[in-house]
Q: 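Following this message is one structure expressed as structure tokens.
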Amino acid sequence: MDFDLTPEEEAFRAEVVAFLDENLPVKDMRAWTRKVREKRWVGFSWPKEVGGGGGTLMQQAILKAEMAKRRAPALGTCFMGLAWVGPGLIEYGTAEQKQRFIPDILDSKVQWCTGYSEPDVGSDLAALQCRGERDGDHYVVNGQKIWTSLAPFADWMILLVRTAPMEGGNKHAGITCLLVHMKSEGIEVRPIENMAGGRMFAEVFFTNVRVPVDQRLGAEGEGWAVTVSALANERSSISEVEALLRRLDELKNLARATRKHGRPVLEDPAVRRRIAHFETVIEGMRLNGLRFLTKQLKGEPLTSETSVNKLHRATLEVAMADFALTLQGPAAAYTKGAEPAIESGKWQQSSLSWPDTVIGGGTPNIQKNIIAERILGLPKD
Amino acid sequence: MNFGFTEEQELLREQAQRFVEQRCTMPRVREWAASDQGFSRELFAEIAELGWTGLLIPEAHGGAGLGWVEAALVLEVIGSALVPGPLASTLLAGAAIAELGSDAQKQRYLPELAAGKRIGTVALLEGDGSLDVGGVAAEAKGEGGGLVATGEKAHVLDAAAADLFVVALRGEQGLLLCVVEGDAEGVSAQRQPIIDRTKHLGSVRLEGASVPAEAILCEGAEAEAAYRRLFDLGAVAVTAEMVGAADAAHQLTVGYAKERTQFGRPIGQYQGVKHPLAEMFVDIATFRSLLYYAAWVAAGQPDALRRAVSMAKAYASDAFARVGIDTIQLHGAIGYTAEYDAQLYLKRSKFARPTFGDSDYHYERVAQLGGL
Ligand SMILES: Cc1cc2nc3c(=O)[nH]c(=O)nc-3n(C[C@H](O)[C@H](O)[C@H](O)COP(=O)(O)OP(=O)(O)OC[C@H]3O[C@@H](n4cnc5c(N)ncnc54)[C@H](O)[C@@H]3O)c2cc1C
């Protein structure tokens with residue numbers, strides 16, 4: 001057990017820090033995006049052959065931690081392309097597909113969205129119904145997707161369709177993964193407003209949308225495996241921890257500046273205890289992340305351990321914002337624009353935005369099922 | 001960076017697991033706990049034979065010269081079987097003398113502690129409930145050439161079994177830490193019954209016990225820092241045992257949930273059962289991470305110890321308490337019986353929660369160290 005960095009790791013960290021010191025804070029986003037691309041930090045863990053950085057897991061962890069500490073902006077703007085479309089292409093794409101799609105993802109030239117969920121299909125994703133019928137060298141897609149983040153702005157979608165009916169109990173067979181251009185004829189996008197006022201996700205309707213067969217990722221019927229392997233990349237919690245730490249700092253500042261019932265809230269032991277508890281859980285997440293990273297570095301497969309930190313994060317996202325409101329007394333009801341609003345209603349806003357992470361990435365109940373069934377070996381419900 | 005164990009550490013853990021599986025079955029543990037002394041001297045001798053009593057003692061003084069990561073690993077395994085006996089307390093006394101003692105003092109006390117020939121413990125707290133140095137009222141007053149100690153130490157781990165105590169006293173130069181031998185005149189230790197029969201606490205009465213200059217480990221500001229560090233190391237030791245015990249309680253319950261059938265299905269298929277089990281897993285995995293880190297900084301980065309140990313002990317105190325209660329609840333009536341082992345873990349959680357600081361105490365420390 002050794003939490004110190006090796007000399008090589010330290011040298012890499014120093015290189016990262018030097019670059020960040022020179023380039024932060026970012027004044028020109030385009031220049032930043034270009035520079036980190038030149039440095040091969042976009043797709044840092046991807047193989048060099050496809051234009052990635054060929055970085056090791058450890059280097060990736062160091063890079064993410066240092067960036068998050070300094071509040072550096074994201075590496076590249078093609079979020080889902082970098083998170084799972086690219087890794088999916090690397091593992092399942094043909095040479096031609098890699099060449100066609102990966103450079104634009106790395107160069108932040110495109111935006112991707114993810115068409116998995118449907119009106120009747122959420123947690124039980126494998127039951128999806130949106131159809132893809134083979135017609136010569138095309139698939140013809142009919143059906144609907146929903147909650148598709150970024151759909152109103154995206155150029156491409158990674159889409160799951162059913163190309164064969166569910167057979168017996170095997171829902172997973174018959175699912176196929178297609179890469180679809182959002183301007184294809186027959187696609188209609190209708191944005192949905194969320195409770196915080198954002199319009200980031202949408203319904204997407206498909207009417208006889210023709211998708212060339214060479215835009216199929218993986219074999220026909222192999223879509224589930226493609227998805228599982230791609231989602232496995234949605235993993236490292238290190239940058240999340242840094243983001244939570246920043247939020248904790250903001251919460252402490254709020255607590256320092258706030259009086260309730262005529263007294264500073266920090267005189268209340270329950271308030272102090274609660275904040276210390278948040279800090280402790282975040283530190284626990286950091287250490288869990290390192291423990292799981294060490295497992296990965298040793299070549300042991302990570303099974304479902306990431307669900308541990310996902311659950312912590314879900315609890316913290318909800319609890320921290322809500323707790324901030326309880327510190328504010330009567331001012332807690334006011335939002336941006338109101339005179340009594342504290343910090344321009346920032347905490348009110350986050351008390352309405354937690355579903356982004358708490359529901360978007362698999363609900364807490366589903367995470368608990370995963371832990372219980374895959375790690376503890378309890379029978380499936 | 002590597003948050004895993006070295007090959008040697010893995011071997012030590014395996015050795016400990018084998019030993020505990022073979023020697024410390026639950027029927028034996030119950031028998032030892034119920035015996036007059038509350039533990040088995042024979043087993044303690046075997047533990048010493050394996051080198052565990054000397055884990056933290058330098059090789060030059062008969063120990064293994066290892067650190068808190070190794071000690072935590074062994075204590076975790078010992079905790080998993082609820083093995084009664086003064087291992088944690090002897091490790092703490094050995095660590096105190098190894099860290100604070102002069103060469104002569106180390107030579108005098110450590111080889112016997114390492115060999116398990118004598119049982120050691122630390123006596124820091126007193127009856128007023130204060131956990132910091134301010135609570136030390138037992139006095140050491142100058143008389144003739146040496147000092148004479150008067151007062152009562154409380155909440156001392158394995159007090160009745162111990163042959164020597166590392167004691168905190170209020171001297172003329174402020175706090176002092178010294179070694180007091182159990183068989184010296186004016187020293188008497190009394191075991192007090194506690195909720196967990198596999199653990200032992202007691203008081204130590206000092207009635208004009210003489211403290212020769214050679215027995216003083218440190219004084220003044222140095223003694224205050226040493227007191228705090230020893231207290232924190234105590235929390236590391238208890239928390240390490242908590243990881244093992246909580247994990248064992250969880251495994252017992254998971255096993256039961258797979259076997260027990262109601263309404264035609266294993267109860268582990270119901271989310272009312274499986275979700276609490278998943279939550280326990282999350283909690284135990286997390287305080288295990290916090291504990292391993294605290295054990296690592298205890299050896300390598302003493303300055304980081306206070307925050308790390310407070311986080312581990314605070315989280316563990318609340319989480320293990322919940323694990324203990326859920327363990328009983330998820331078992332149903334069988335869990336309430338004296339014969340079934342579930343209750344033993346619940347009782348351990350009730351012992352461990354206040355010992356070396358509960359979550360209120362440690363979260364307050366985290367708040368202060370975090371600038372609040
Ligand atoms: C901000 C946001 C962004 C999103 N972005 C995308 C996107 O880009 N692309 C995309 O495809 N999808 C996206 N989603 C959808 C997301 O993946 C789903 O919301 C999620 O999988 C849950 O499905 P659902 O909302 O249909 O809820 P349901 O699955 O209907 O669940 C409803 C409730 O029932 C519980 N539940 C369901 N099954 C079980 C069970 N077996 N055991 C116990 N409890 C159960 C759930 O925990 C939940 O509380 C997004 C969602 C959000 C909130």
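Labels below follow one simple rule: chain letters A, B, ... track the order of the sequence lines, proteins then strands, and each chain is numbered from 1.
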Q: Check each atom of A:I370 against the heavy atoms of chain B and say whether the ones under 4.5 Å are side chain, backbone, both or neither.
A: neither

Q: With a 4.5 angstrom heavy-atom cut-off, which part of A:R272 approaches chain B: side chain, backbone, both or neither?
A: both

Q: Look at A:L5, A:N365, A:V281, A:D2 and state which one has the largest set of heavy-atom pairs under 4.5 Å with chain B.
A: A:D2

Q: Measure distances from A:E9 to the heavy atoms of chain B and classify the residue's part below 4.5 Å as side chain, backbone, both or neither.
A: side chain

Q: Is it the backbone or the side chain of A:L311 that comes under 4.5 Å from a heavy atom of chain B, or both, or neither?
A: side chain

Q: Going through the distances and angles, do A:L266 and A:K252 end up as a side-chain contact (heavy atoms from CB on, under 4.5 Å)?
A: CA-CA 9 Å; A:L266 279 181; A:K252 285 183 177 177; over 6 Å; no

Q: Which answer fits B:D318, side chain, backbone, both or neither, if we ask what part of it has an atom under 4.5 Å from a heavy atom of chain A?
A: side chain

Q: Let me know if A:I275 has heavy atoms under 4.5 Å from chain B in its side chain, its backbone, both or neither.
A: side chain

Q: For chain A, find which of B:V69, B:L372, B:L290 contributes the most heavy-atom pairs closer than 4.5 angstrom.
A: B:L372

Q: Let me see the working for B:D358 and B:S317 under side chain to side chain donor-acceptor pair (under 3.5 Å), right down to the final yes or no.
A: CA-CA 6 Å; B:D358 65 8; B:S317 294; over 6 Å; no

Q: Between the side chains of B:R322 and B:E279, is the shortest nitrogen-to-carboxylate-oxygen separation below 4.0 Å, so that they form an ion pair?
A: no

Q: So which part of A:T280 gets closer than 4.5 Å to some heavy atom of chain B, the side chain, the backbone, both or neither?
A: both

Q: Please state whether the side chain, the backbone, both or neither of B:H362 comes within less than 4.5 Å of a heavy atom of chain A.
A: neither

Q: Does the salt bridge (charged side-chain N to carboxylate O under 4.0 Å, His left out) test come out yes or no for A:R70 and A:D21, once each step is laid out?
A: CA-CA 9 Å; A:R70 289 169 180 73; A:D21 283 349; 3.7 Å; yes

Q: Let me know if B:F5 has heavy atoms under 4.5 Å from chain A in its side chain, its backbone, both or neither.
A: both

Q: Using a cut-off of 6.0 Å, state whether more than 12 heavy atoms not belonging to A:K380 lie near its atom NZ.
A: no

Q: Walk me through whether B:F287 and B:F320 qualify under ring pair (Phe, Tyr, Trp, His ring centres under 6.0 Å).
A: CA-CA 9 Å; B:F287 79 71; B:F320 185 21; 7.1 Å; no

Q: With a 4.5 angstrom heavy-atom cut-off, could you sort out which part of B:R365 is near chain A: side chain, backbone, both or neither?
A: neither

Q: How about B:Y315 and B:Y293: are their ring centroids closer than 6.0 Å?
A: no

Q: Is it the backbone or the side chain of B:S310 that comes under 4.5 Å from a heavy atom of chain A, or both, or neither?
A: neither

Q: Looking at A:A372, A:P379, A:P269, which one has more heavy-atom pairs under 4.5 Å with chain B than the rest?
A: A:P379

Q: Salt bridge check, A:K64 against A:E242: does any charged N sit closer than 4.0 Å to a carboxylate O?
A: no

Q: Quick one, B:E364 with B:Q368, criterion side chain to side chain donor-acceptor pair (under 3.5 Å). Give me CA distance, side-chain angles, the key distance, then yes/no.
A: CA-CA 6 Å; B:E364 175 54 32; B:Q368 282 175 26; 2.8 Å; yes

Q: Measure A:E373 against the heavy atoms of chain B and call it side chain, backbone, both or neither at under 4.5 Å.
A: side chain

Q: In sequence, state the C-alpha distance, the side-chain angles, and the governing distance for A:K260 and A:D268, and then conclude on salt bridge (charged side-chain N to carboxylate O under 4.0 Å, His left out).
A: CA-CA 10 Å; A:K260 194 176 169 183; A:D268 180 349; over 6 Å; no

Q: Could you look at B:A285 and say if it's the side chain, the backbone, both or neither that has a heavy atom under 4.5 Å from chain A?
A: both

